[in-house]
Visitor: 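What follows is a single structure, and I will ask about it in a moment.
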Number of protein chains: 2
Amino acid sequence: MMLSKTCDYGIRAAIFVAGRKDQQFTPIGEISEQLNISFHFLTKILQRLTQESILKSYRGSNGGVALARAAHLISLKDIVSAIDGDNPFGACLLGLNQCSDHNPCPLHEQWNLIRKKMESLFEKTTLAKLATATTAKRFRLTDLTEP
Amino acid sequence: MMLSKTCDYGIRAAIFVAGRKDQQFTPIGEISEQLNISFHFLTKILQRLTQESILKSYRGSNGGVALARAAHLISLKDIVSAIDGDNPFGACLLGLNQCSDHNPCPLHEQWNLIRKKMESLFEKTTLAKLATATTAKRFRLTDLTEP
DNA sequence: CAGATTTAAGACTCTTTTGTCTTAATATAA
DNA sequence: TTATATTAAGACAAAAGAGTCTTAAATCTG
């Protein structure tokens with residue numbers, strides 16, 4: 001798999017939150033139920049996003065989580081970096097850490113081209129775009145359950 | 001990391017074997033020593049490649065492993081498929097298994113473009129090219145130790 | 001044949017990732 | 001104030017990935 005499950009869950013939850021019409025806090029229990037992700041596990045993941053100031057949270061009745069800033073200002077890269085750390089597609093395809101622009105492995109340049117495209121996709125894809133596409137029913141996130 | 005460690009080790013070992021001038025069997029002990037990979041672990045990985053007919057092996061004195069066919073007929077994709085299974089960069093970036101060309105997730109098309117480039121790179125990159133580039137001292141595989 | 005060398009196979013351990021559960025803290029509402 | 005709802009935090013458990021070790025089987029050499 002491309003991204004860790006933790007990261008996937010975080011992204012899906014963020015899309016779900018971004019897709020809410022009202023700007024209220026969304027309880028994690030509701031997200032976990034709709035997306036079919038374990039409540040406690042999701043709680044931990046969203047805690048991380050809260051700590052990284054991608055989400056904000058509120059406890060107690062009517063509490064939950066909400067985006068910390070406008071959906072068009074949160075990119076996939078922001079979320080992935082917060083959870084899986086920077087540089088999600090390791091520097092070298094062969095996992096060699098001496099590999100660099102200076103001392104390139106045989107695949108370095110070609111891999112760099114692809115990596116840059118991925119990074120660009122991750123940077124320019126915002127929660128706003130994802131949520132719009134999703135709620136426009138081109139894809140229904142909430143229908144999904146996993147194997 | 002992009003590929004599993006198991007897969008990385010398998011690729012490196014295969015490049016090393018392909019880079020040998022003589023067409024003799026190379027003992028796994030020598031490979032593991034040169035590439036600084038645990039002998040027993042590497043043995044298991046290369047066993048897998050042998051079972052998948054990418055390598056052939058021979059026991060006893062002067063035994064070891066060798067490519068099962070010409071280096072230009074073994075691609076990165078062959079090795080990755082043998083070890084990590086097909087489809088190394090999962091179908092859907094968000095890990096949704098209902099996502100398909102028919103029912104595409106919001107990132108489906110753009111991700112498809114990138115995935116196709118990766119697959120093409122993996123298919124067209126052969127051990128012959130990798131070994132040539134490596135032994136030409138543009139990159140010395142055997143110098144490398146990992147963190 | 002006896003001994004050395006080398007892969008094969010599988011049990012076992014360690015680490016990381018994934019997931020669960022319990023308790024505490026915070027907020028609302030009656 | 002008391003009960004209820006909700007996130008925070010951390011201990012704990014299960015599963016998967018990575019790595020080690022032991023024994024068996026095959027092959028060569030003397």
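In the text below, chain A, chain B and the rest are named by the order of the sequence lines, each starting its count at 1. Just so it is clear, the model here is predicted, and its values are computed rather than measured.
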Visitor: Less than 4.5 Å apart, any side-chain heavy atom of B:Asp8 and any of A:Leu96?
Guide: no
Visitor: Please state whether the phosphate of C:dT18, meaning OP1 or OP2, lies under 4.0 angstrom from any side-chain nitrogen or oxygen of A:Thr6.
Guide: yes
Visitor: Tell me whether the side-chain N/O atoms of A:Asn62 come closer than 4.0 Å to OP1 or OP2 in D:dT4.
Guide: no
Visitor: Tell me the interatomic distance from B:Gln51, atom CD, to C:dA8, atom P, rounded to whole angstroms.
Guide: 8 Å
Visitor: Under 4.0 Å: is that the gap between some side-chain N or O of A:Ser38 and OP1 or OP2 of C:dT20?
Guide: yes
Visitor: Answer with base, sugar-phosphate or nothing: what part of the nucleic acid does A:Tyr58 contact at a heavy-atom distance below 4.0 Å?
Guide: sugar-phosphate
Visitor: Below the 4.0 Å mark, does D:dT7 have OP1 or OP2 next to a side-chain nitrogen or oxygen of A:Thr50?
Guide: no
Visitor: Could you tell me how far apart B:Met2 (CE) and D:dG17 (P) are, to the nearest whole angstrom?
Guide: 16 Å
Visitor: Taking the side chain of A:Pro27 as heavy atoms from C-beta outward, which of D:dT7, D:dA18, C:dT5 is closest to it?
Guide: D:dT7
Visitor: Spell out yes or no: do the side chain of B:Lys5 and the base of D:dG17 have one donor N/O and one acceptor N/O closer than 3.5 Å?
Guide: no
Visitor: I'd like to know if the side chain of B:Thr132 and the backbone of B:Ala128 have a donor-acceptor N/O pair within less than 3.5 Å.
Guide: yes
Visitor: Cut-off 3.5 Å, side chains only: do B:Ser75 and B:Asp78 have a donor facing an acceptor?
Guide: yes
Visitor: Looking at D:dA9, C:dT7, D:dT6, which one has an atom nearest to any side-chain atom of B:Arg59?
Guide: C:dT7
Visitor: What's A:Glu30 touching, base or sugar-phosphate or nothing? Going by heavy atoms closer than 4.0 Å.
Guide: nothing
Visitor: Before you tell me yes or no, could you show the steps for B:Glu119 and B:Lys124 under salt bridge (charged side-chain N to carboxylate O under 4.0 Å, His left out), namely the whole-Å CA-CA distance, both residues' side-chain angles and the distance that decides it to 0.1 Å?
Guide: CA-CA 9 Å; B:Glu119 277 164 9; B:Lys124 80 178 187 222; over 6 Å; no
Visitor: At less than 4.0 Å, is any side-chain N or O atom of B:Gln47 found next to OP1 or OP2 of C:dT7? Yes or no.
Guide: no
Visitor: For the side chain of B:His40, starting at C-beta, report the closest nucleotide among C:dT18, D:dT22, C:dT7.
Guide: D:dT22
Visitor: Rounded to whole angstrom units, what separation is found between the CZ atom of B:Arg48 and the P atom of D:dG17?
Guide: 11 Å
Visitor: Among D:dA5, D:dT20, C:dT22, which is the nearest nucleotide to the side chain of B:Lys44?
Guide: D:dT20
Visitor: Rounded to whole Å, please give me the gap between CG in A:Leu42 and C1' in D:dA8.
Guide: 14 Å
Visitor: Send over the distance from B:Ile37 CD1 to D:dT20 P, rounded to a whole Å.
Guide: 11 Å
Visitor: Is there side-chain contact between A:Met2 and B:Met2, with heavy atoms separated by less than 4.5 Å?
Guide: yes
Visitor: Counting side-chain heavy atoms from CB outward, which of D:dT7, D:dC21, D:dA18 is closest to A:Ser57?
Guide: D:dT7
Visitor: Roughly, in whole Å, what's the span from CD1 in A:Ile28 to P in C:dT26?
Guide: 16 Å
Visitor: Applying a 4.0 Å non-hydrogen cut-off, can you work out what B:Leu46 is touching in the nucleic acid: base, sugar-phosphate, or nothing?
Guide: nothing
Visitor: Closer than 4.0 Å, any side-chain N/O of B:Tyr9 to the OP1 or OP2 of D:dG19?
Guide: yes
